[in-house]
Amino acid sequence: MLPVCPACLGKETAQYNSPVACYLCRRCGHRWRAAAEIPFTQQHDYYAQLRGRNMIADSACNRKMTDRLNDLTPLLHDGMRILEIGCAEGELGRRIKAIANVEYTGIELSEDALVAMRWLDHVSRHAAAALEDGPYDLILSFHVLEHIPDIHAELGHWSRLLKPSGKLVVEVPNEAGHPLLSWDANAEHIHQFTMTSLSELLHQAGFSIQQLTSGHFESAVYSDSLRAQAYLRTDAQTRRNQLIAKFKTTFPDKFVIYGIGGDFNNYVAPLLLELSAAALVDTDTTRHGVRMAGYRIEAFNPVKFTGLPILVTSLRYQTEIRAALQEQGVPSHTIYGLDAIFG
Ligand SMILES: [Zn+2]
């Protein structure tokens, strides 16, 4: 009986015997080795005895790190906790810690962990399943997943270690971008991913994909890799609560809402009863006096609202409203747009 696809869990699979026994999913294109073909790489201490896992020329290493940091730098913020699964000798972590004040934990089974300990805050030589030190704001994994037999179970461990608002960045070789990957003789590589199979795996494991790109450089022979940025999928109520929490972080005390039109109705009004709005304000005099959720829409009064932050909810007129407020003496740093909440 043929196994189900480890990525999409589909049953439309077929067996091939060239060059090694492997399976192919006709649904998502995922290809994986039969268990009989992978015994030595799955022995308990196989990876533990290896070293120099990331030994490539400096120019190639710089190209790889630059490619990764291009995507990762916008995700970094001071104080965040990062976990890199398969950190090798810790070069990526070393570069990230040079540009942001983060707590960086690496998992590395091989002896390269001893080098990584020089740069990173914590290094574990046990797999993610054994790690209890969560949750993390950001989990990174570059060219690790293709080495792991049960990729679905592995992603379960990653999701357990990720904060509900956290992000996962995972990269694997791209089957479509490697002329020989279908015949990959590297016995460590159990899985060959397609864009569809990586998407399906992440979806089945409870993640939502925010970005999926190809063409990422790992080395001269794996020069086209797939990279996904994903977050944990949450239900509608949880996402609503996260949005309200964002409002309360941005506006801890009273604030004024300016622009009571369509954007307000769509993106703010459904939450209004749970926000600490001081007033609803609009430029249009025909709206003044209209009642809404216990408020009465009014004109902006710079004396009455002195010192209160202002959320401008009109996407179309935000530039004009912001300019008018500044003309009335409102400091620009107290004027916010919807991007402060949704951005
Ligand atoms: Zn599949």
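Counting starts at 1 for both ligands and their atoms, in listed order.
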Using only heavy-atom distances, determine whether the side chains of H216 and R68 contain a donor-acceptor pair under 3.5 Å. no

E327: what forms a side chain to side chain donor-acceptor pair (under 3.5 Å) with it, not counting sequence neighbours? none

What pairs with R296 under side chain to side chain donor-acceptor pair (under 3.5 Å), at least two apart in sequence or on another chain? none

List the steps, then state whether salt bridge (Lys or Arg N to Asp or Glu O under 4.0 Å) holds for D121 with K97. CA-CA 10 Å; D121 298 297; K97 284 180 70 66; 2.8 Å; yes

Salt bridge (Lys or Arg N to Asp or Glu O under 4.0 Å) between E200 and R27: does it pass, once the steps are laid out? CA-CA 10 Å; E200 286 278 354; R27 186 166 174 264; 3.7 Å; yes

Scan for ring-ring contact (aromatic ring centres under 6.0 Å, His included) pairs involving residues 150-169, sequence neighbours excluded, and state none if there are none. none

Output, by chain and residue number, all protein N/O/S atoms separated from the Zn ion (ligand 1) by less than 2.8 Å. C5 SG, C8 SG, C25 SG, C28 SG

